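As the structure lists them, so they are numbered: ligands from 1, and atoms in each ligand from 1. Since the model is a prediction, treat every value here as computed from it, not as a measurement.
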Amino acid sequence: MHPITVTEHLLLHQKKSPMATGQFTSLLNELILSAKVISREVNKAGLGDILGETGEQNASGDTVKRLDEFAHRILVHRMERAGVLCAMASEEQADVIQIPAKFPKGEYILVMDPLDGSSNIEANVSIGTIFSIYRSQAKDLDRDMDLSDLLQKGSEQVAAGYFIYGSSTVMVYTTGRGVHGFTLDPSVGEFLLSFSDVQTPDQGKIYSVNEAYWHYWDGTTQRVVSAFKDPNSDLGRLYSLRYIGSLVADFHRNLLYGGVFMYPTDYRDPKNPKGKLRLLFEAAPLAKIAEEAGGMATDGVNRILDLDPRELHQRTPLFIGSRRDVQKVKDIYEQGS
Ligand code: AHG
Ligand code: MN
Ligand code: MN
């Protein structure tokens with residue numbers, strides 16, 4: 001079968017889509033180039049001085065790893081001059097990233113987690129880059145964008161996706177017309193279509209959660225997690241616990257095999273009553289993909305894509321994956337309330 005590149009796929013299979021414009025295609029190509037550079041560094045990690053911590057903390061208070069910083073810099077450098085964006089936001093930067101006046105602007109806004117799962121870098125565990133693309137509602141694209149331009153509901157995303165740097169480098173994305181996966185063929189340096197129109201199983205056999213926080217969850221959350229371990233629950237099957245600690249890797253496995261990933265509110269850290277994961281940088285893009293693949297994503301009560309962000313680095317509890325599994329979570333929270 002003739003291998004299909006991302007660009008071909010975008011143009012061939014989505015020509016009806018308003019997203020097959022030149023602007024969007026070049027946005028995606030610049031993102032892909034950035035991911036290739038990050039992938040090369042991730043695959044060499046340990047050979048250079050790219051490992052370890054920078055000694056700083058990011059907007060979320062996380063310790064910044066050199067590779068976090070590297071990925072952030074590569075993406076900002078490449079995307080600010082691509083001529084397709086009017087603003088960016090990164091998990092690694094507290095406020096809105098403006099496009100310097102010397103570069104042409106476009107109508108799109110890029111929101112990204114440059115490197116997800118960075119605590120796993122030294123252990124050679126899969127990590128990734130998560131991205132969201134919105135259209136600016138601003139009339140005048142030449143002015144500086146402010147927070148109100150970026151605080152859009154997840155349902156407003158025109159595209160969402162991730163790169164996963166693992167045994168191979170894979171890109172998964174959607175423009176609202178199905179979820180498509182591409183695998184980097186290093187011999188030609190191209191991402192080639194590896195799975196088209198992914199549909200996640202309606203019910204899985206995997207649940208993913210960090211059970212170490214059991215005593216920091218409220219009673220209803222404990223009942224939610226217990227349901228996936230209870231042989232007599234109406235889920236009617238035995239589940240396995242799989243938790244890598246890299247959201248992109250856990251999400252990607254569950255997308256393909258079926259299952260539910262959970263990061264509930266926990267009471268370990270009074271500063272973060274809404275849990276650890278970020279709405280704009282992690283939950284919203286993955287929720288867009290999950291729904292496009294026939295799955296669901298909730299904070300336990302509300303649809304993630306309906307949440308109205310108030311702050312750029314706002315956290316949210318996240319339950320995401322196979323429809324039947326996520327519905328079970330919602331049912332228990334509903335009974336519990
Ligand atoms: P990031 O590296 O971008 O900060 O994300 C890390 C997140 C996510 O990848 C993962 O699911 C979660 O942290 C793991 O958190 P715990 O170690 O608390 O389970
Ligand atoms: Mn992350
Ligand atoms: Mn990150």
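Atom OD1 is the N/O/S atom of D116 found closest to the Mn ion (ligand 2). Within D113, the N, O or S atom at minimum distance from the Mn ion (ligand 3) carries the name OD1. As for E91, its N/O/S atom nearest the Mn ion (ligand 3) is the one called OE2. Taking the Mn ion (ligand 2) as reference, E282 places its N/O/S atom OE2 nearest.
A salt bridge does not link R278 with D116: none of the charged nitrogens is closer than 4.0 Å to a carboxylate oxygen. Checked for salt-bridge contact, R73 and E92 miss the test: no charged N lies under 4.0 Å from a carboxylate O. K274 and D299 are not joined by a salt bridge, as no carboxylate oxygen comes within less than 4.0 angstrom of a charged side-chain nitrogen. Electrostatic pairing of R237 and D325 does not count as a salt bridge here, judged by no charged N lying under 4.0 Å from a carboxylate O.
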Run the numbers on Y173 and I133 for side-chain contact (heavy atoms from CB on, under 4.5 Å), then give the verdict. CA-CA 11 Å; Y173 88 100; I133 298 166; over 6 Å; no

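Ring planes of F163 and Y165: parallel class, angle under 30° (limits at 30 and 60°).
In summary, no N, O or S atom of F281 is located under 2.8 Å from the Mn ion (ligand 3). Taking backbone and side chain together, E92 holds no N, O or S atom under 2.8 Å from the Mn ion (ligand 3).
Side-chain contact, T221 with D218: a donor N or O sits under 3.5 Å from an acceptor N or O.
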Which N or O atoms of ligand 1 sit under 3.5 Å from a protein N or O, and how far apart is each pair?
{"unit_1": "ligand 1", "atom_1": "2 (O)", "unit_2": "G117", "atom_2": "N", "d": "2.8"}
{"unit_1": "ligand 1", "atom_1": "2 (O)", "unit_2": "S118", "atom_2": "N", "d": "2.9"}
{"unit_1": "ligand 1", "atom_1": "2 (O)", "unit_2": "S118", "atom_2": "OG", "d": "3.2"}
{"unit_1": "ligand 1", "atom_1": "3 (O)", "unit_2": "E91", "atom_2": "OE1", "d": "3.3"}
{"unit_1": "ligand 1", "atom_1": "3 (O)", "unit_2": "E91", "atom_2": "OE2", "d": "3.2"}
{"unit_1": "ligand 1", "atom_1": "3 (O)", "unit_2": "D113", "atom_2": "OD1", "d": "3.4"}
{"unit_1": "ligand 1", "atom_1": "3 (O)", "unit_2": "D113", "atom_2": "OD2", "d": "3.0"}
{"unit_1": "ligand 1", "atom_1": "3 (O)", "unit_2": "L115", "atom_2": "O", "d": "3.2"}
{"unit_1": "ligand 1", "atom_1": "3 (O)", "unit_2": "D116", "atom_2": "OD1", "d": "3.4"}
{"unit_1": "ligand 1", "atom_1": "4 (O)", "unit_2": "R278", "atom_2": "NH2", "d": "3.2"}
{"unit_1": "ligand 1", "atom_1": "5 (O)", "unit_2": "D116", "atom_2": "OD1", "d": "3.0"}
{"unit_1": "ligand 1", "atom_1": "5 (O)", "unit_2": "E282", "atom_2": "OE2", "d": "3.4"}
{"unit_1": "ligand 1", "atom_1": "9 (O)", "unit_2": "D116", "atom_2": "OD1", "d": "2.8"}
{"unit_1": "ligand 1", "atom_1": "9 (O)", "unit_2": "D116", "atom_2": "OD2", "d": "3.2"}
{"unit_1": "ligand 1", "atom_1": "9 (O)", "unit_2": "L247", "atom_2": "N", "d": "2.9"}
{"unit_1": "ligand 1", "atom_1": "11 (O)", "unit_2": "L247", "atom_2": "N", "d": "3.4"}
{"unit_1": "ligand 1", "atom_1": "13 (O)", "unit_2": "K276", "atom_2": "NZ", "d": "3.0"}
{"unit_1": "ligand 1", "atom_1": "15 (O)", "unit_2": "K276", "atom_2": "NZ", "d": "3.1"}
{"unit_1": "ligand 1", "atom_1": "18 (O)", "unit_2": "Y213", "atom_2": "OH", "d": "2.6"}
{"unit_1": "ligand 1", "atom_1": "18 (O)", "unit_2": "Y263", "atom_2": "OH", "d": "2.6"}
{"unit_1": "ligand 1", "atom_1": "19 (O)", "unit_2": "N210", "atom_2": "ND2", "d": "3.0"}
{"unit_1": "ligand 1", "atom_1": "19 (O)", "unit_2": "Y243", "atom_2": "OH", "d": "2.6"}

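In this structure, H180 has its ring center no closer than 6.0 Å to that of F195.
Dense packing is recorded around NZ of K36, with more than 12 heavy atoms of other residues, nucleotides or ligands lying under 6.0 Å away.
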